[in-house]
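Have a look at the structure below before the remarks.
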Amino acid sequence: LAVAQHREALPIFQALANLDPSNFDAAHSAGLCLSALRQHDEALVWFERAGQIAITELICATCNRAISLGEMGQSEIAIRILNDLLRLHPDHPQALYNRAMLMMQIDEYEKAIEQFNRVIELDPEGLSSGDSLYAKGFANLLLGHYIEGFQGFERRYKASFDHQPEHGDE
């Protein structure tokens, strides 16, 4: 694109990126336009934003890949993939939750409970946290820890009502 085209395209890419903060192409293209216009400091901001979006998407794809492998009975491979991911992003709640679920598939309930506790600690209000409460309760039941198991179910049940909209707030 010529300089004039970059000037015209820039506000469009920026508007698209602001409308959809997860739009990698718009953020990256805004960075490319700014770079072509020799506004490198501003371009770096947009490239950083695009990079963060790409990392988020890569983590999501890796978690989904691990889930599919687990569903295919390849839990050990899936756990290794998530271990690699967690070396780079050790506090990612969804990756920790997925690894815990895979650990349950191979009967490593104690390790799974540790992972579920970590998810709950990292993101107490998140979706993975609620699911972790439930799965932790199930793991405790499988280990014969019935009181802890039913307490986990009860906490999850109560948490689901705590996040329901009040009457008229729907």
Side-chain angles (χ1 to χ4, degrees), residues 13 16-32 46-165 169-170:
F13 289 131
L16 286 171
N18 289 330
L19 283 172
D20 179 6
S22 65
N23 187 329
F24 169 83
D25 290 325
H28 187 245
S29 295
L32 289 172
W46 287 95
F47 289 139
E48 176 65 26
R49 184 172 168 178
Q52 289 302 313
I53 294 167
I55 289 169
T56 299
E57 293 298 317
L58 180 61
I59 290 171
C60 183
T62 302
C63 286
N64 288 331
R65 179 176 176 223
I67 290 167
S68 289
L69 285 165
E71 292 296 321
M72 294 169 51
Q74 298 179 28
S75 299
E76 291 86 1
I77 294 170
I79 289 170
R80 282 196 302 271
I81 289 168
L82 290 174
N83 286 342
D84 290 343
L85 172 64
L86 288 162
R87 270 192 273 293
L88 298 172
H89 305 280
D91 293 332
H92 195 277
Q94 191 63 45
L96 290 165
Y97 172 79
N98 290 340
R99 183 169 66 179
M101 293 300 293
L102 290 161
M103 287 175 173
M104 289 194 49
Q105 287 181 352
I106 59 172
D107 300 332
E108 291 189 16
Y109 304 116
E110 300 273 349
K111 289 181 181 178
I113 289 170
E114 290 174 19
Q115 297 296 296
F116 292 134
N117 285 335
R118 184 75 178 127
V119 172
I120 294 164
E121 175 188 322
L122 288 169
D123 190 17
E125 300 298 319
L127 177 63
S128 294
S129 181
D131 291 343
S132 290
L133 284 170
Y134 184 83
K136 178 183 163 185
F138 189 71
N140 272 306
L141 288 177
L142 291 171
L143 287 169
H145 305 150
Y146 301 113
I147 293 173
E148 293 94 337
F150 287 116
Q151 286 173 341
F153 290 140
E154 182 180 33
R155 284 182 60 206
R156 174 61 174 116
Y157 181 73
K158 286 180 179 177
S160 68
F161 282 103
D162 289 344
H163 293 95
Q164 295 293 320
D169 290 344
E170 292 89 16

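Model, not experiment: these values are computed from the prediction. These values consider heavy atoms only, across backbone and side chains, with no hydrogens, waters or symmetry-generated copies. Along the sequence shown, residues are numbered consecutively beginning with 1.
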Chi angles and distances behind the side chain to side chain contact (heavy atoms under 4.5 Å, CB included) call for Leu16, Asp20: CA-CA 6 Å; Leu16 286 171; Asp20 179 6; over 6 Å; no
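- Nearest heavy atoms, Met104 versus Ala135: SD-O, 3.9 Å.
- Among all heavy-atom pairs drawn from Val119 and Pro93, the shortest one is CG2-O, 3.5 Å.
- In terms of modelled atom types and a separation under 3.5 Å, the side chain of Asn140 and the main chain of Lys136 share a donor-acceptor contact.
- To the nearest 0.5 Å, atom CD1 of residue Ile55 and atom CG of residue Leu88 are 9.5 Å apart.
- Considering all non-hydrogen atoms of both residues, Arg99 and Leu82 come closest at N-CD1, 3.5 Å.
- If you take CZ on Phe13 and CG on Asn18, they are separated by 13.5 Å, rounding to the nearest 0.5 Å.
- Looking at every heavy atom in both residues, Phe116 comes nearest to Ala100 through CE2-CB, 3.3 Å.
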Please lay out, stage by stage, how Glu76 and Leu102 fare under the test side chain to side chain contact (heavy atoms under 4.5 Å, CB included). CA-CA 8 Å; Glu76 291 86 1; Leu102 290 161; over 6 Å; no
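- In terms of the side-chain hydrogen bond (donor to acceptor under 3.5 Å, both in side chains) criterion, Glu110 has no residue partners (sequence neighbours excluded).
- Looking only at distances, a side-chain donor or acceptor of His92 sits under 3.5 Å from a matching main-chain atom of Ala95.
- Nearest heavy atoms, Ser132 versus Ile120: CB-CG1, 3.9 Å.
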Tabulate below the donor-acceptor pairs under 3.5 Å that side-chain atoms of residues 59-74 make, not counting sequence neighbours, or state none.
unit_1	atom_1	unit_2	atom_2	d
Thr62	OG1	Leu58	O	2.8
Asn64	ND2	Cys60	O	3.3
Ser68	OG	Asn64	O	3.4

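- Distance NE2/His28 to CH2/Trp46: 13.0 Å, rounded to 0.5 Å.
- Annotation: Ile147, atom CD1; neighbour count of heavy atoms from other residues, nucleotides and ligands within 6.0 Å does not exceed 12.
- In the displayed structure, Phe138 atom CZ is contacted under 6.0 Å by at most 12 heavy atoms of other residues, nucleotides or ligands.
- Between the CG atom of Leu96 and the CD atom of Glu114 there is a distance of 12.0 Å, given to the nearest 0.5 Å.
- Side chain of Arg49 to main chain of Ala17: a donor-acceptor pair is present (N/O by atom type, distance under 3.5 Å, no hydrogens or angles).
- Met101 is not listed as a side-chain neighbour of Gln105, based on a closest heavy-atom distance of 4.5 Å or more.
- The structure places CG of Leu86 at 7.5 Å from CD of Gln115, a figure rounded to the nearest 0.5 Å.
- In this structure, CG on Leu142 lies 4.5 Å from OH on Tyr109, to the nearest 0.5 angstrom.
- Residues Asn23 and Ile53 have side chains not in contact (no heavy-atom distance under 4.5 Å, counting atoms from C-beta outward).
- Glu121 and Asn117 are not linked by any side-chain donor-acceptor pair at a separation below 3.5 angstrom, with hydrogens and angles left out of the test.
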